[in-house]
There are 2 protein chains.
Amino acid sequence: MTIRNVADKAGVSVATASRVLSGHPSTSEEARTAVSEAATKLGFRPNAQARSLRKTSTQTIGLVLPDVRNPFFADLAHAVEQRARDFKYLTLFGNANEDAEQQDRYFDVMLTQRVDGLIAAPQGDLTDLQGVLASGVPTVFVDRVIANTTVPSVTPDNSTGIQEAVRHLTSLGHRRIGYIAGPQSTSTGRERLAAFLNALKETNADDDGALLFFGDFQSGSGAAGARHLLELPHPPTALLAADSLMSIGAIAVCNERGLAIGKDIAFVAYDDIEAFTLLNPALTVISHDVDAMGRLAVDLLTQVIAGNNPESVILPSRLIIRGSTPPPPGGPTQ
Amino acid sequence: MTIRNVADKAGVSVATASRVLSGHPSTSEEARTAVSEAATKLGFRPNAQARSLRKTSTQTIGLVLPDVRNPFFADLAHAVEQRARDFKYLTLFGNANEDAEQQDRYFDVMLTQRVDGLIAAPQGDLTDLQGVLASGVPTVFVDRVIANTTVPSVTPDNSTGIQEAVRHLTSLGHRRIGYIAGPQSTSTGRERLAAFLNALKETNADDDGALLFFGDFQSGSGAAGARHLLELPHPPTALLAADSLMSIGAIAVCNERGLAIGKDIAFVAYDDIEAFTLLNPALTVISHDVDAMGRLAVDLLTQVIAGNNPESVILPSRLIIRGSTPPPPGGPTQ
DNA sequence: CTGAAAGCGCTTACAG
DNA sequence: CTGAAAGCGCTTACAG
C-alpha cells in the first residue's frame with residue numbers, strides 16, 4: 001500500500017499523486033478528485049519515514065523529563081504536549097527516571113530518530129549534552145538547565161518562593177528549619193539550596209549544617225530525610241522539602257511517627273499539587289505555573305527551529321500559605 | 001554526515017561500512033576496526049528514518065493513554081516504558097486527554113510513524129479502532145478494552161475490589177453508598193458500575209438510583225459528584241469513586257464542607273496512590289498492581305509482534321482497609 | 001498542470 | 001569477506 005498504488009488507481013503518475021496528497025498548488029481539479037478518491041478508497045497512509053527522509057522534518061519533538069510519576073512533571077508533560085499539538089508536532093516522550101545514563105540514552109535515540117527539536121529538564125553537566133550540542137538539533141531547557149550552555153530555557157524563579165517560606169516560618173518564631181534538598185547534579189537542586197542558605201542568613205534562623213539533608217527528588221529520599229532530621233538531638237520545628245515527591249515521603253514519616261503536621265510540626269512543600277490541598281490541614285506550598293512553563297518551552301522551541309535565538313524566561317514562584325505552618329509548639333522563641 | 005563519509009574515511013564501500021555498523025558477521029577484522037574508528041571520529045549517527053525505510057521495523061512502540069496527570073496512568077506509563085527498554089524499544093507516548101478525538105489523532109500519527117506495536121488504554125468503540133485494526137499493527141490493550149475485538153489485553157479485575165468494598169461498608173452498617181461512576185464509554189467505567197450494582201443486590205444496601213453519579217474520570221467530575229450526592233434529601237453515609245482523580249475531587253468537596261472523612265463520612269477510593277496514604281486517616285482503597293500491568297502489556301505486545309497470539313490476562317484487585325471507612329455516624333442501622 | 005528521473009540514507013541479496 | 005547495484009516510499013527540481 002504505497003503512493004504507487006494510489007497513483008495507479010487514480011490513473012496519474014506518482015509525482016502527481018504526491019502533489020495532490022501533500023497539497024501542492026500545481027494540480028488540476030481532476031487530478032485532485034481522482035487521487036483523493038483513490039487514497040480514501042485504498043485507506044492510504046503515507047509512510048512518515050520515507051517522507052522525512054526526503055524532507056528534513058519529522059514533525060516530532062522529543063521531550064525528556066526526569067520522572068513522569070512526579071506530578072509536577074506529569075503536568076509539565078501534559079502542558080508541553082497540548083501546546084505542541086497546536087504546531088502539529090507529535091511529542092515523543094522519554095522518561096529519564098532521574099538517571100543521567102537513561103537520560104543520555106534517550107537523547108541518543110531521539111537524535112537518531114531525527115526529532116525536529118528537543119525539550120529537556122536535564123541532569124548532569126556539559127558532557128551529558130555533547131551529543132545534543134554537536135548534532136545542532138534545536139533545543140530548549142525547561143525547569144532545569146545545564147550551566148555554560150547557550151540553550152534557551154524556561155525556568156522557575158528558584159529563590160523567591162524559598163525566601164518567602166523561610167521568612168514566613170521565622171516570623172512565626174521557627175528557628176530550626178530542616179531542609180530536604182534536591183540533588184546537586186540539578187540546577188533546581190542547587191539553586192533552591194542556595195536560596196535556602198541565603199534566607200537563613202537574612203533571618204534569625206539557625207544556620208546549622210545538621211539541618212540539611214540531601215535527597216534525590218524521589219519519595220524514598222524524602223522519607224529518609226525526615227527520619228534523619230527528626231532524630232537529631234536538637235530536631236527542627238519546621239520542615240521544607242525541595243520537591244513534591246520528597247514532600248510526600250517526608251509527610252508519610254511524620255504521620256507514621258504520630259507527628260501531626262500543622263500542629264506538632266510545620267511543613268512547607270514544593271509544587272502546588274492537587275493532593276496537597278486535600279491534607280488536613282492543607283499544605284503550605286511553594287507554587288509556580290507549570291502550564292505556562294510547558295507552553296513557553298514549546299513556544300521558545302518553535303522559535304529556535306525557525307532559526308531565531310529567543311530570550312530565556314524565568315517564571316515567578318510564590319508561597320501559598322495554608323494550614324500546615326503553625327508557630328513552633330513551645331511558643332515563638334521555644 | 002552519512003554512512004558514505006564513514007565508508008570513505010575507512011577506505012571501504014558503504015556496503016561494508018553498513019555491515020560493520022549493524023554488526024553483520026561477515027566482516028574482516030581490518031574492516032571492523034577501520035569503520036568503527038572512522039564512525040567514532042566522525043561522530044556518525046545512523047539515520048533511523050533511512051534504516052527503517054529499508055528494514056520494516058522502527059524499534060518504537062506507541063503508548064496511548066487517557067491522562068498522564070492521573071497518577072495511575074503515570075505509573076503505568078513508567079512501567080511500560082521501563083519494560084520496553086528491556087526489548088530496546090523506545091516508547092512514543094501520546095496523551096489522549098480522556099478524549100476520543102485526540103486519541104484517534106494519536107492512533108493516526110503513530111500508524112503514520114510506523115510504530116512496531118501499539119499499547120493503548122482505549123476509549124470509545126470499534127469505529128475508533130478502524131484504522132488501527134485495518135493497519136494490522138500489533139496491538140495490546142491495557143487497563144481498558146474495546147468490545148468485539150480480538151486484541152489481547154491486560155486488565156484489572158474490575159469486580160472483586162468493588163464487591164469487597166461494598167461488603168466492607170455494609171458489614172459496618174452502611175446502607176446508603178454513593179457511587180461516582182466512570183464514563184460508560186470506557187470498559188472500566190462500565191464494569192465497575194456493573195460490579196457495584198451487583199454488590200448492592202447481594203448485600204442489604206439501598207439500591208437507589210439517586211445514589212449514582214456519572215463522572216468522566218477527571219477530578220472536576222468527582223467534585224461535582226460529591227456535591228450532588230451530599231445534597232441529596234437522604235444523602236449517603238459512604239462514598240465510593242471509580243478512579244483516583246475523581247476521588248481527589250470528591251475529597252476536596254468533603255473537606256470544604258467540613259465533613260471529616262473517616263468520621264462524618266466513609267470514603268473508598270480507587271487505585272492505591274501514594275498521596276492517599278498521607279491523608280489522616282489514610283484512605284481505604286481498591287488496589288491493583290500497576291507495575292505488573294505495564295510489564296505484562298509489553299510482554300504480550302512482544303509476543304504479538306513475534307506473530308503469536310497470547311492469552312489476555314486479568315490481574316486481581318483487592319480492598320485495602322485503612323482509616324477512612326468507619327461505621328455510619330448514627331450507628332449500624334442509622 | 002504533469003511525468004520521468006534523481007535522490008534522501010540506509011540495507012541486503014547477488015556475484016565474485 | 002567485499003563491492004556494485006537495486007530498492008525501501010516518498011518529494012521535487014527539471015523539462016515540457
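All values derive from a computational prediction rather than experimental measurement.
- Residue B/Thr27 is the one, among B/Thr27 and B/Arg114, whose nearest nucleotide of DNA chain D lies closer to the 5' end (criterion: closest heavy atom).
- In DNA chain C, runs of at least 3 consecutive Watson-Crick or G-U pairs, each pair with both distances below 3.5 Å, span C:1-3 with D:14-16, C:5-12 with D:5-12, C:14-16 with D:1-3.
- Base engagement by A/Ser18 is indicated by at least one non-hydrogen atom pair under 4.0 Å involving a base atom.
- For the residue pair B/Thr16 and B/Ser13, a side-chain donor N or O sits within less than 3.5 Å of a side-chain acceptor on the partner.
- Within 4.0 Å (heavy atoms only), B/Thr2 reaches sugar-phosphate atoms of the nucleic acid but no base atom.
- Here the C1' atom of nucleotide D/dC10 and the CD atom of A/Gln49 are 11 Å apart, to the nearest Å.
- The only member of A/Gln123, A/Glu98, A/Arg144 that meets side-chain contact (heavy atoms from CB on, under 4.5 Å) when paired with A/Ser185 is A/Gln123.
- One interatomic measurement links the two molecules: CG of B/Leu53 to P of C/dT11, which rounds to 11 Å at whole-angstrom precision.
- To the nearest angstrom, P of D/dT2 lies 7 Å from CD of B/Glu30.
- The 5' end of DNA chain D is approached more closely, in terms of each residue's nearest nucleotide, by B/Ser26 than by the other of B/Ser26 and B/Val14.
- Taking atom CG of residue B/Asn47 and atom P of nucleotide D/dG9, one finds them 16 Å apart after rounding to whole Å.
- By the 4.0 Å N-to-carboxylate-O rule, A/Arg45 lies close enough to B/Asp108 to be salt-bridged with it.
- Residue B/Arg51 contributes atom CZ, which lies 16 Å from atom C1' of C/dC8 at whole-angstrom precision.
- Residue B/Arg54 places no side-chain atom within donor-acceptor reach of the base of C/dG9, judged by atom type and a 3.5 Å distance cut-off alone.
- When the P atom is used for both D/dA5 and D/dC1, the distance is 23 Å, rounded to whole Å.
- Not a single donor-acceptor pair under 3.5 Å links the side chain of B/Asp99 to the backbone N or O of B/Ala96.
- Side-chain contact of B/Thr27 with B/Arg19: a donor-acceptor pair under 3.5 Å is absent, judged by distance alone.
- With hydrogens and angles ignored, a donor-acceptor pair closer than 3.5 Å exists between the side chain of A/Arg19 and the base of C/dG3.
- With hydrogens and angles left out, the side-chain atoms of A/Asp67 and B/His78 include no donor and acceptor closer than 3.5 Å.
- Rounded to whole Å, the distance from NZ on A/Lys55 to P on D/dT11 is 7 Å.
- Distance from the side chain of B/Ala31 is smallest to D/dT2 among D/dT2, C/dC1, C/dC10.
- Within the 4.0 Å cut-off from OP1 or OP2 of C/dA4, not a single side-chain nitrogen or oxygen of A/Ser13 is found.
- The separation between A/Arg4 atom CZ and D/dC8 atom P is 11 Å, rounded to whole Å.
- Closest contact between the side chain of B/Pro46 and the listed nucleotides C/dC10, D/dG9, D/dT11 involves C/dC10.
- Backbone-only contact: B/Ser28 has heavy atoms under 4.0 Å from sugar-phosphate atoms and none from a base.
- C/dA13 sits 23 Å from C/dG9 when the P atoms are compared, rounded to a whole Å.
- Evaluation of the salt bridge (Lys or Arg N to Asp or Glu O under 4.0 Å) rule for B/Asp8 yields B/Arg4 as partners, not counting sequence neighbours.
- Listed candidates were D/dT11, C/dT11, C/dT12. Nearest to the side chain of B/Ile3 is C/dT11.
- Side chain of B/Ala50, nearest nucleotide from C/dC10, D/dC8, D/dG3: C/dC10.
- Atom CZ of B/Arg32 and atom C1' of D/dC1 are 10 Å apart (whole Å).
- Side-chain N or O atoms of B/Asp116 include none that pairs as donor or acceptor with a backbone N or O of B/Ile61 at under 3.5 Å.
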